[in-house]
Amino acid sequence: MSVQSNEKYLRTSDIKTSDLQTSDAPLGRNDLARLVAADIAPGSFVNLGIGQPTLVSNYLTAEQDITLHTENGMLGMGPEAHGEEIDGDLINAGKIPVTELPGASYFHHADSFAMMRGGHLDICVLGAFQVSATGDLANWHTGAPGAIPAVGGAMDLATGAKDVFVMMTLLTREGASKIVESCTYPLTGVGCVTRVYTDKAVFLTEPQGVTVRETFGCTLEELQDLVPVPLTAAVEP
């Protein structure tokens, strides 16, 4: 099952772009995770990458009936474990203690990667260093001298999942946009990203360009000053 298509959103030239602003301030990590969780279609099979994406598991509801996959070999992962829930042998791919839901199963690492590569996941949520205007993803190496590459299963997820969501801050510590015309870092996947969730806006990557679904703490015009690719508004009909 795939998530709702980007085609659901219509671009218009005459809407009030300030109407896209749904929050007075940029979103924090947990608010962003809550937003991503709410956008995952019921019944989906989902992989959450390490870092910020793991927070999404804390905001999925029982009514959504989402099955979480983790590449170290588990289906049916629950939220993060705390206190007496912690089992040292029960962790996600980011080595964070997690819980298991009824019906959870375990399997060999090779089987886990076969699920990823075989197109059996509806969505993966990954972090990123850069996302290009055409949906290219760079998230495993900056190429900086001494930097430790960390590809993990990202390439398998980026090419195997039906939808790739990215969850990241919009700007680097130096203030540069992570949404770029073309990635300058080594690529993880080509044209694979469908949505980008950031602290300042939600972006949809489409063949005709990048559209903005909503903004947080800024208008579309203020956002355009930060992002070096043309942006247009996307609104739900």
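- When all heavy atoms of Q21 and C218 are compared, the closest pair comes out as OE1-O, 3.2 Å.
- When all heavy atoms of L187 and C183 are compared, the closest pair comes out as CD2-CB, 3.6 Å.
- Put simply, the side chain of T159 gets close to the backbone of M155: a donor and an acceptor are under 3.5 Å apart.
- Considering only heavy atoms from C-beta on, S177 comes within 4.5 Å of V227 through its side chain.
- For the atom pair I96 CD1 and L48 CG, the distance stands at 10.5 Å (nearest 0.5 Å).
- Residues N47 and T70 come closest through the heavy atom pair ND2-CA, 3.9 Å.
- N58 places a side-chain N or O within 3.5 Å of a backbone atom of E80 that can act as its donor or acceptor partner.
- Taking the six-membered ring where the residue is Trp, F165 and Y197 present tilted rings, their angle falling between 30° and 60°.
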Distance-only check: which donor-acceptor pairs under 3.5 Å involve side-chain atoms of residues 24-33, not counting sequence neighbours?
from : atom 1 : to  : atom 2 : distance (Å)
N30  : OD1    : Y59 : OH     : 3.1
D31  : OD1    : R34 : NH1    : 2.7

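- Within the model, atoms CG of L231 and OG1 of T215 stand 11.0 Å from one another, a figure rounded to the nearest 0.5 Å.
- Residue H108 places its NE2 atom among 12 or fewer non-hydrogen atoms of other residues, nucleotides or ligands, all under 6.0 Å distant.
- Counted by atom type alone, T194 and D163 present one or more donor-acceptor pairs between their side chains at under 3.5 Å.
- Cluster annotation: L121 and L126 are assigned to the same hydrophobic cluster (Ile/Leu/Val/Met/Phe/Trp/Tyr, side-chain heavy-atom contacts under 4.5 Å, transitive).
- One N or O on the side chain of T188 and one on the backbone of N139 form a donor-acceptor pair closer than 3.5 Å.
- To the nearest 0.5 Å, the span separating CD1 on I66 from OG1 on T61 amounts to 7.5 Å.
- One hydrophobic cluster, built from ILVMFWY side chains closer than 4.5 Å, holds both F107 and M116.
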Inset, instruction - Could you walk me through whether M115 and F45 pass side-chain contact (heavy atoms from CB on, under 4.5 Å), step by step? - result: CA-CA 10 Å; M115 293 179 191; F45 285 77; over 6 Å; no

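- Note that CE of M74 and CD1 of I91 are 11.0 Å apart. Values are rounded to the nearest 0.5 Å.
- The hydrophobic cluster containing I86 does not contain V98, counting ILVMFWY residues as joined when their side-chain heavy atoms lie under 4.5 angstrom apart, directly or transitively.
- The backbone N or O of D122 sits nowhere less than 3.5 Å from a side-chain atom of S44 that would complete a donor-acceptor pair.
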Inset, instruction - Check the pair R195 / R213 against side-chain contact (heavy atoms from CB on, under 4.5 Å), numbers first and verdict last. - result: CA-CA 10 Å; R195 298 188 193 182; R213 192 183 80 181; 3.4 Å; yes

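- L20 and A233 get closest at one heavy-atom pair: CD1-CB, 3.6 Å.
- F216 contributes atom CZ, which lies 10.0 Å from atom CG of L223 (distance to the nearest 0.5 angstrom).
- A side-chain donor-acceptor contact under 3.5 Å links D199 to the backbone of L170.
- Residues P42 and E63 are not in side-chain contact: their nearest non-hydrogen atoms beyond the backbone lie 4.5 Å or more apart.
- Closest of all the heavy-atom pairs between I123 and A161 is C-CB, 4.2 Å.
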Legend entry - side-chain contact (heavy atoms from CB on, under 4.5 Å) between E222 and K200, worked out: CA-CA 10 Å; E222 291 168 336; K200 296 184 183 299; over 6 Å; no

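- A side-chain donor-acceptor contact under 3.5 Å links Q64 to the backbone of A37.
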Legend entry - Trace of the side-chain contact (heavy atoms from CB on, under 4.5 Å) decision for V46 with V56: CA-CA 10 Å; V46 179; V56 174; over 6 Å; no

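- Linking ILVMFWY residues whenever their side-chain heavy atoms come closer than 4.5 Å, directly or via other members, leaves L171 and F129 in distinct clusters.
- Cluster annotation: V131 and Y185 are assigned to distinct hydrophobic clusters (Ile/Leu/Val/Met/Phe/Trp/Tyr, side-chain heavy-atom contacts under 4.5 Å, transitive).
- With rounding to the nearest 0.5 Å, the separation of OG in S132 from NZ in K178 is 15.5 Å.
- Scanning both residues, T232 and L220, for their nearest heavy atoms gives C-CD2, 4.3 Å.
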